[in-house]
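As the structure is a prediction and not an experimental result, all values here were calculated from the model. Each chain gets a letter, A, B and so on, in the order the sequences are listed, and its residues count up from 1.
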Protein chains: 2
Amino acid sequence: MKHYVEIGDTDLAPLLDLNHRTVDFPAGKTIVALNEPVDKIYIVTSGWSLRARYLDDGRRQIINFQLPGDYFDLMSLVGARSDHTISAATDTTLRIYNGQDYLRAIQRSHRLAAAFWWVTVQEETILRQQIVRIGRMSAQERIANFILELNRRQNIADGDRDDFVPLPVPQAFLADALGLSVVHISRSLTSLKARDLVKTSRRGIEIIDRDSLVELAEYDPALFEPKPVPLAAQ
Amino acid sequence: MKHYVEIGDTDLAPLLDLNHRTVDFPAGKTIVALNEPVDKIYIVTSGWSLRARYLDDGRRQIINFQLPGDYFDLMSLVGARSDHTISAATDTTLRIYNGQDYLRAIQRSHRLAAAFWWVTVQEETILRQQIVRIGRMSAQERIANFILELNRRQNIADGDRDDFVPLPVPQAFLADALGLSVVHISRSLTSLKARDLVKTSRRGIEIIDRDSLVELAEYDPALFEPKPVPLAAQ
DNA sequence: CGCATGTTTGATAAACCTCAAGACCGGTGG
DNA sequence: CCACCGGTCTTGAGGTTTATCAAACATGCG
């Protein structure tokens, strides 16, 4: 668990010094409920959390996952109420900061403010990518794209260059993230295995043929790669 | 065209005084190309623009539309490159501001900064709603939801309470926004008409039975309604 | 009027969903 | 160590939704 090292390395480090508390959430527990005012910010220490909306008949759309090292609800401190639910996908540990402290810290440091903007830009990029995935890609393409995206984000958090993508949630979660049924997720994964692009196990997915996967998913990692923040108008 | 009045009424008014230029884009013209550095911000004066990504085989996913009165690329001033294309959906007029001026203005005024955060929060909400729509809703639900959303945004811009939703783009644009084929858009609209929920014409869609439409789309306008910005930590 | 663009309709195919049963796997208690 | 149990994954059959292709039909415009 070297996430702290990672966090500490960024321009966001000053955040870590602020008052905070560390809270454990068991899998399934709600972290931020629908319509709840958002006045805290969160950093995932371990586990996965997820942001989702539920339709009346029980359909669930997972909007995105928060992985270890991820910050979230940074932008929601302007008096908004949550329009979705955040809950623990696995057993999860979060550091929770007070929104006011955070705002003051941002106002003290333009460098911190810029870093925070950067995180928000990244998050919007992830949302847009999710829209392209579920709007215009086939099941296999969606899965390939999503796996590569997870892999990219996990590599950032871990610092490794690993081809194994841990997946600590059941395939039903993949289904609700990608707008597919569990059954079809399973079948599509089977196809990807048959094409020797990936191997699967209970614990995750192993990328076997990254090039083909990238081609199938039209996944351009450059679009997501963090770039140095130029700190304009500092 | 009372958009200016609207803009002038908000906390974002100081922006209007900054140096800018006004540029016309004919329908179809690219405004911000893929991979282009983003160092300007834009306000739509008239017409629609759109943000989209194209897949290699020509598939297009429209991520969202920018309507008159909308601001965009506010967040992209931290040295990011565009991961998508912005182009004019109809003939469009934009006010274009220099990013540096804008950043300085924000740093001078916490009130302006808060207003800008608010706009960004709204934009993220729209993206999340788009994900729910195309991920877990049927064609008819998607269309109903999208119409109501358009109507809400147009009412904000116009100040009216109108049940007519102008649609200055062909149905193919709806299709690419909602992840459906043109043919299926047409058929689904026919169904909605048969159920007496809407009427359609070349120029747009008229909401006939708003209650049923809201129920079908599970559309809760409260989730989007702009609320006063409390300006925490001012 | 005639053409280009957009919309609708019909027929057929593909992608994906639902239901249901069976197989697998990791843990638990005997 | 084994048997069992619950949750998860896979497979099969059949149905629904949506896509594709092609043609007919509208609409606006020069």
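In the model, B:Gln129 has a side-chain atom that pairs as donor or acceptor with a side-chain atom of A:Arg53 under 3.5 Å.
With rounding to whole Å, B:Arg136 atom CZ is found 13 Å from C:dT18 atom C1'. Counting to the nearest Å, the P atom of C:dT7 and the CG atom of B:Leu174 are 9 Å from each other. Put simply, CG on B:Asp57 is 14 Å from P on D:dA19, counting in whole angstrom units. Note: CD (A:Gln171) to P (C:dC24) measures 15 Å, nearest angstrom. Atom CD1 in B:Ile185 sits about 14 Å away from atom C1' in D:dT17, given to the nearest Å. In this entry the distance linking CD1 of A:Ile134 with P of C:dC16 reads 13 Å, nearest Å. Atom CZ of A:Arg202 and atom C1' of D:dG6 are 11 Å apart (whole Å). Separating the CG atom of A:Leu178 from the C1' atom of C:dA15 is a distance of 15 Å, rounded to the nearest angstrom.
Within the model, atoms CG of B:Asn98 and CG of B:Asp39 stand 7.5 Å from one another, a figure rounded to the nearest 0.5 Å.
Across all strands, B:Val182 comes closer than 4.0 Å to no nucleic acid atom at all (heavy-atom distances). Residue-level contact check: B:Leu180 touches the backbone only, with heavy atoms under 4.0 Å from sugar-phosphate atoms and none from bases. At the heavy-atom level, A:Leu189 lies nowhere under 4.0 Å from the strands shown.
The nucleotide whose nearest atom lies closest to any side-chain atom of A:Pro170 is, among C:dC17, C:dT9, D:dT8, D:dT8. Listed nucleotides: C:dC17, C:dT8, D:dA19. Nearest to the side chain of A:Ser181: C:dC17. Taking only side-chain atoms of B:Arg187, from C-beta outward, the nucleotide of D:dT8, D:dT20, C:dC16 with the closest atom is D:dT20.
Screening B:Phe25, B:Tyr71, B:Phe72 for a ring-ring contact (aromatic ring centres under 6.0 Å, His included) with B:Tyr42, the sole residue that qualifies is B:Phe72.
At the phosphate of D:dT8, neither OP1 nor OP2 sits under 4.0 Å from any side-chain N or O atom of A:Ser186. Considering only side-chain N and O atoms, A:Thr190 lies under 4.0 angstrom from the phosphate OP1 or OP2 of D:dT11. Look at A:Gln140 and you won't find any side-chain N or O under 4.0 angstrom from OP1 or OP2 of C:dA15. Remark: A:Lys193 is in phosphate contact with D:dT10, judged by side-chain N or O atoms under 4.0 Å from OP1 or OP2.
More than 12 non-hydrogen atoms from other residues, nucleotides or ligands lie less than 6.0 angstrom from CZ of B:Arg210.
No donor-acceptor contact under 3.5 Å links the side chain of A:Arg203 to the base of C:dG26.
Not one N or O on the side chain of A:Gln171 forms a donor-acceptor pair closer than 3.5 Å with the backbone of A:Ile185.
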